[in-house]
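Worth saying up front: this structure is predicted, and the values here are computed from it rather than measured. Below, read A as the first sequence line, B as the second, and so on, with proteins coming before strands; counting in each chain starts at 1.
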There are 10 protein chains.
Amino acid sequence: MPNPALLEAFETPGDAPFVIEHVSEEFTSVCPKTGHPDFGYVTLRYRPAPAASPAGKRGCVELKSLKLYYQSFRNEGIYYEAVTNTIRDHLVALLRPVWLQVITDWKGRGGIRSVVRADHGEVPPCYLGR
Amino acid sequence: MPNPALLEAFETPGDAPFVIEHVSEEFTSVCPKTGHPDFGYVTLRYRPAPAASPAGKRGCVELKSLKLYYQSFRNEGIYYEAVTNTIRDHLVALLRPVWLQVITDWKGRGGIRSVVRADHGEVPPCYLGR
Amino acid sequence: MPNPALLEAFETPGDAPFVIEHVSEEFTSVCPKTGHPDFGYVTLRYRPAPAASPAGKRGCVELKSLKLYYQSFRNEGIYYEAVTNTIRDHLVALLRPVWLQVITDWKGRGGIRSVVRADHGEVPPCYLGR
Amino acid sequence: MPNPALLEAFETPGDAPFVIEHVSEEFTSVCPKTGHPDFGYVTLRYRPAPAASPAGKRGCVELKSLKLYYQSFRNEGIYYEAVTNTIRDHLVALLRPVWLQVITDWKGRGGIRSVVRADHGEVPPCYLGR
Amino acid sequence: MPNPALLEAFETPGDAPFVIEHVSEEFTSVCPKTGHPDFGYVTLRYRPAPAASPAGKRGCVELKSLKLYYQSFRNEGIYYEAVTNTIRDHLVALLRPVWLQVITDWKGRGGIRSVVRADHGEVPPCYLGR
Amino acid sequence: MPNPALLEAFETPGDAPFVIEHVSEEFTSVCPKTGHPDFGYVTLRYRPAPAASPAGKRGCVELKSLKLYYQSFRNEGIYYEAVTNTIRDHLVALLRPVWLQVITDWKGRGGIRSVVRADHGEVPPCYLGR
Amino acid sequence: MPNPALLEAFETPGDAPFVIEHVSEEFTSVCPKTGHPDFGYVTLRYRPAPAASPAGKRGCVELKSLKLYYQSFRNEGIYYEAVTNTIRDHLVALLRPVWLQVITDWKGRGGIRSVVRADHGEVPPCYLGR
Amino acid sequence: MPNPALLEAFETPGDAPFVIEHVSEEFTSVCPKTGHPDFGYVTLRYRPAPAASPAGKRGCVELKSLKLYYQSFRNEGIYYEAVTNTIRDHLVALLRPVWLQVITDWKGRGGIRSVVRADHGEVPPCYLGR
Amino acid sequence: MPNPALLEAFETPGDAPFVIEHVSEEFTSVCPKTGHPDFGYVTLRYRPAPAASPAGKRGCVELKSLKLYYQSFRNEGIYYEAVTNTIRDHLVALLRPVWLQVITDWKGRGGIRSVVRADHGEVPPCYLGR
Amino acid sequence: MPNPALLEAFETPGDAPFVIEHVSEEFTSVCPKTGHPDFGYVTLRYRPAPAASPAGKRGCVELKSLKLYYQSFRNEGIYYEAVTNTIRDHLVALLRPVWLQVITDWKGRGGIRSVVRADHGEVPPCYLGR
């Protein structure tokens with residue numbers, strides 16, 4: 001079951017703007033309709049809240065915790081769209097980033113490949129559409 | 001015969017903006033002039049109407065129904081331009097999306113490869129031209 | 001001799017905006033200086049005049065006629081720049097498009113590859129530079 | 001229905017050994033089990049019987065007739081293996097080649113891509129396995 | 001748990017020699033040491049026993065059953081080498097092929113990508129080493 | 001008209017064995033049936049007769065003369081097979097090489113790409129099939 | 001230990017605007033948590049201060065000194081984010097550029113590849129997001 | 001020695017806007033510090049002054065003269081930055097273009113690849129950053 | 001210092017022949033002449049001794065121990081050739097394989113890329129030369 | 001002028017068979033006919049004489065000396081074939097290898113790319129033809 005409690009954050013190292021991107025090529029969940037496994041790539045991009053932001057600020061996601069969190073979808077029956085929105089919502093709640101973007105890119109089913117993109121905040125134009 | 005009755009929609013899961021892209025690499029129709037088959041890729045991109053939109057709102061296209069709909073062009077004599085415009089019009093009628101884009105990319109005829117792109121609504125700049 | 005009389009047009013199917021791209025990978029003409037053949041790719045992109053535009057409106061170029069028109073350059077001694085401008089001018093005269101773009105991409109001569117791009121009307125930014 | 005009567009041959013031009021390869025990227029048939037279309041590439045390679053071979057000799061397959069023959073599978077319910085063996089048998093009967101090879105390379109079904117290779121006669125080692 | 005009972009075979013269609021290759025890009029199992037999932041590609045190649053072979057002969061593996069069989073490794077803790085040998089042994093027992101080859105190609109762990117290749121019978125030289 | 005008188009040879013520089021390969025990406029001729037131009041790549045490979053071979057020995061083809069010779073096919077109506085065999089025969093007559101190979105690789109017609117390979121003498125196995 | 005004293009600058013040659021990009025494919029540091037080495041690519045882009053800028057102006061980084069500076073991270077235990085921010089800060093202090101950008105692109109850990117991008121000043125839009 | 005006297009221009013053929021790009025993959029100069037040769041690609045892009053521009057207008061660079069001009073750097077000891085700025089300045093002086101851009105892309109030294117980009121006038125955004 | 005004591009082996013799982021390949025893309029050592037770091041890929045291929053081989057038999061190298069062993073070269077001043085021969089000798093001593101092959105593929109120095117290949121026993125032809 | 005005195009050798013480190021390959025992507029010489037520069041890649045492969053071979057034995061070529069030797073062709077007017085044979089002869093004289101191979105791969109002239117391959121001794125089949 002997707003488990004946001006697995007996610008850990010650490011404080012942003014400094015206030016200068018920067019962007020972090022993590023691409024997982026080893027994501028799998030299960031189609032809720034057919035019970036067959038789905039395989040995809042998950043791209044996470046975000047600009048962390050600066051270190052100097054007010055109390056309650058968050059920061060950057062710890063890499064190993066992200067991997068374990070993704071693994072918690074392994075036997076979950078869940079649609080492409082829900083995977084994408086769920087990851088975005090969990091990470092936004094954790095990190096309170098300036099902006100954040102999740103893209104899932106799925107291997108074909110029935111000859112059709114699919115991509116779902118979900119944004120939070122003002123994602124810069126250079127990251128839209130890819 | 002292209003059959004929009006094959007298409008099914010489901011309600012958009014939530015109000016946060018997101019974009020869906022489906023790429024079919026297994027599309028074929030028939031040239032109405034020569035009777036020879038045409039082969040192409042069909043890319044569909046759209047931003048679904050949010051879940052909270054008023055009555056009569058639609059949502060997302062169901063993937064298997066999209067595949068069956070595409071198959072209904074198999075023995076239809078129809079030009080590239082008409083394929084593209086027809087798919088756009090059928091899906092706009094079904095989904096009432098914020099915006100929607102259909103791109104057909106055809107294997108060569110007489111040494112000339114062709115691409116046709118048709119938009120509905122305000123397609124973001126990042127999706128234009130590709 | 002480049003022969004615009006070979007070109008045929010058909011009426012734009014509808015008023016919704018769309019874009020057509022034809023890429024020919026089999027273009028050859030002759031260098032007027034050395035008499036040696038030149039080989040290149042020709043990309044044509046345009047947005048056709050809508051069906052509902054006033055009398056005298058044109059539309060879309062017929063694909064086979066485009067191929068024969070390109071073949072009429074086969075034994076013509078003509079520079080890269082003139083090929084590009086000539087194709088643009090002939091097609092603009094034929095189609096009266098909203099905008100139109102011709103790009104010729106030539107195999108190397110003396111270790112230098114060349115590209116020439118010629119526009120008509122307001123080509124959208126997404127098509128500039130490629 | 002696969003129709004070998006569509007195939008035409010012409011006499012081999014000379015006795016010096018040579019090899020011919022035709023790759024069709026536009027092959028489609030129908031899965032006899034599910035009724036869904038299959039898409040694949042078909043590669044045909046052969047060494048034609050030499051011109052000086054005895055009476056009853058055949059030769060090379062005419063390219064346009066090969067295309068029409070492939071199109072005759074379009075609405076046929078037939079397995080990958082049968083497509084491959086059928087093409088080989090029809091062409092061997094037509095051409096009486098020194099050797100002949102048919103390879104079909106199919107787009108994925110259920111996450112699995114498939115290739116079927118069928119030989120006739122002594123196919124040289126360099127053509128085995130690809 | 002890897003379940004060979006999921007596998008189904010059908011009789012080889014004819015006696016002429018041919019080769020079948022199935023490439024699955026959606027294989028996952030679990031590392032028995034760390035409990036983390038492993039992801040890989042599985043290539044199966046074989047020459048089926050001819051139709052005319054003696055009683056007790058087998059034939060070709062049915063594609064959907066192969067997919068379900070691969071899925072049965074999903075939550076199994078098992079090493080790369082054992083995955084490869086297990087698949088080979090199960091399929092050899094099912095098909096009694098002339099020869100058979102299984103190649104597993106694994107995504108990196110600790111910066112090291114791995115490939116394991118296991119053969120049965122006289123695999124032709126053209127299939128060795130790739 | 002294909003004109004072998006355009007070809008020039010120079011004496012092989014030494015007796016140590018070596019192999020020469022010239023790949024032309026700018027070959028065009030005309031289909032004798034349809035009158036439409038054909039475009040292809042021509043690969044020539046050979047081992048020249050050693051410098052110390054007896055009187056009447058030939059050697060290596062001069063590169064610029066080869067280019068002009070290829071250009072002499074530009075407006076010739078000639079089939080793929082005849083192009084390949086003609087080039088081989090003209091060059092064998094000129095060079096008297098130890099072995100020689102001509103491969104023509106043609107852009108698609110009707111969705112089918114073609115390759116023709118013609119050998120003279122004992123072409124080493126490493127050059128067969130590609 | 002990352003050693004900015006290894007860096008050397010030279011005066012910008014002229015006042016016309018230009019951009020310099022250096023891509024190092026041979027960067028390695030050590031993970032402070034696990035002690036295992038990390039490997040990545042480091043891209044540095046900047047527009048140097050013009051030659052005519054006031055006293056105290058700097059200029060361009062000398063290439064060999066940049067290489068030695070990167071080598072000083074070899075046995076340093078340091079996170080991806082700190083590597084990126086440290087390089088940016090050291091180079092900004094040295095060069096006082098109009099703008100500067102550092103991108104680090106890391107090989108995968110646990111199936112996740114990572115990219116970190118850090119900017120200084122007004123980086124032009126064309127360099128954002130890649 | 002870089003010799004701008006080798007460059008020749010011809011008048012722009014017409015007033016319609018177009019863009020010319022020449023990519024040389026055969027550029028070499030010498031490092032003034034080490035005496036070792038440097039190898040790179042040089043991309044030149046510009047929009048020529050229109051034919052109807054006032055007296056003193058220039059136009060397009062002649063391709064063979066550009067090749068000879070590039071060859072004049074062959075044994076020159078000169079830095080990457082100076083190569084790039086020199087080419088831009090010589091061509092701007094010759095052509096008086098609406099805008100012009102020179103990009104030099106150098107093979108690696110010490111594990112670091114470098115790119116230098118120099119602009120003149122208002123280079124359109126689509127050409128920045130690549 | 002290269003430390004073979006870091007290497008661990010486990011018994012070959014079974015007697016059927018199979019081949020294992022491990023590709024490390026994260027290898028670095030130091031040039032003994034210049035003190036600069038070298039970066040390369042290391043490919044290890046071998047056929048393990050069968051499980052049923054006599055006492056004293058070995059087996060397969062454990063993957064994590066291989067990674068740690070490679071890391072022990074990190075600060076060693078050692079030539080390409082010695083790296084390759086050392087790895088081969090250490091692994092042969094550990095595993096007593098039927099055959100074993102080590103290939104090191106190094107990033108360029110002074111514009112020259114290098115590959116060193118070292119074999120033990122009868123490496124099958126399919127693995128030679130790549 | 002090609003200067004073999006620049007080449008240096010060092011003794012083969014051990015007697016176990018191994019193969020060394022050096023690929024230079026930065027080779028240039030001058031066409032003796034036109035005076036224009038030629039650019040190519042030079043691949044050198046050899047198996048060095050074993051350390052235990054008799055007096056007068058040689059060994060491996062030192063990498064930096066190879067680079068300087070290649071640079072000595074920079075302003076030499078020399079044909080492709082002569083470059084290839086000269087390098088082979090100089091290195092055979094220096095190294096007395098078990099076998100040695102030189103391949104030169106030249107950028108196009110007049111639309112034709114060329115490759116020249118020269119061998120010494122019994123080059124293993126796996127290295128022929130590439």
message: Quick check on F/Q71 against chain C: is it the side chain, the backbone, both or neither that has a heavy atom closer than 4.5 Å?
response: side chain
- prompt: Of all the residues in residues 78-88 of chain F, which have a heavy atom that comes within less than 4.5 Å of a heavy atom in chain C?
  reply: none
query: Heavy atoms, side chains only, cut-off 4.5 Å: are C/D38 and F/E26 in contact?
result: no
- line: Heavy-atom nearest pair, F/F39 first then C/F39, reads CE2-CE2, 3.8 Å
task: Keeping the roles fixed (side chain from F/R74, backbone from C/R74), state whether a donor-acceptor pair exists under 3.5 Å.
output: yes
- request: Using a strict cut-off of less than 4.0 Å between a Lys/Arg side-chain nitrogen and an Asp/Glu carboxylate oxygen, indicate whether C/E25 and F/K107 qualify as a salt bridge.
  value: yes
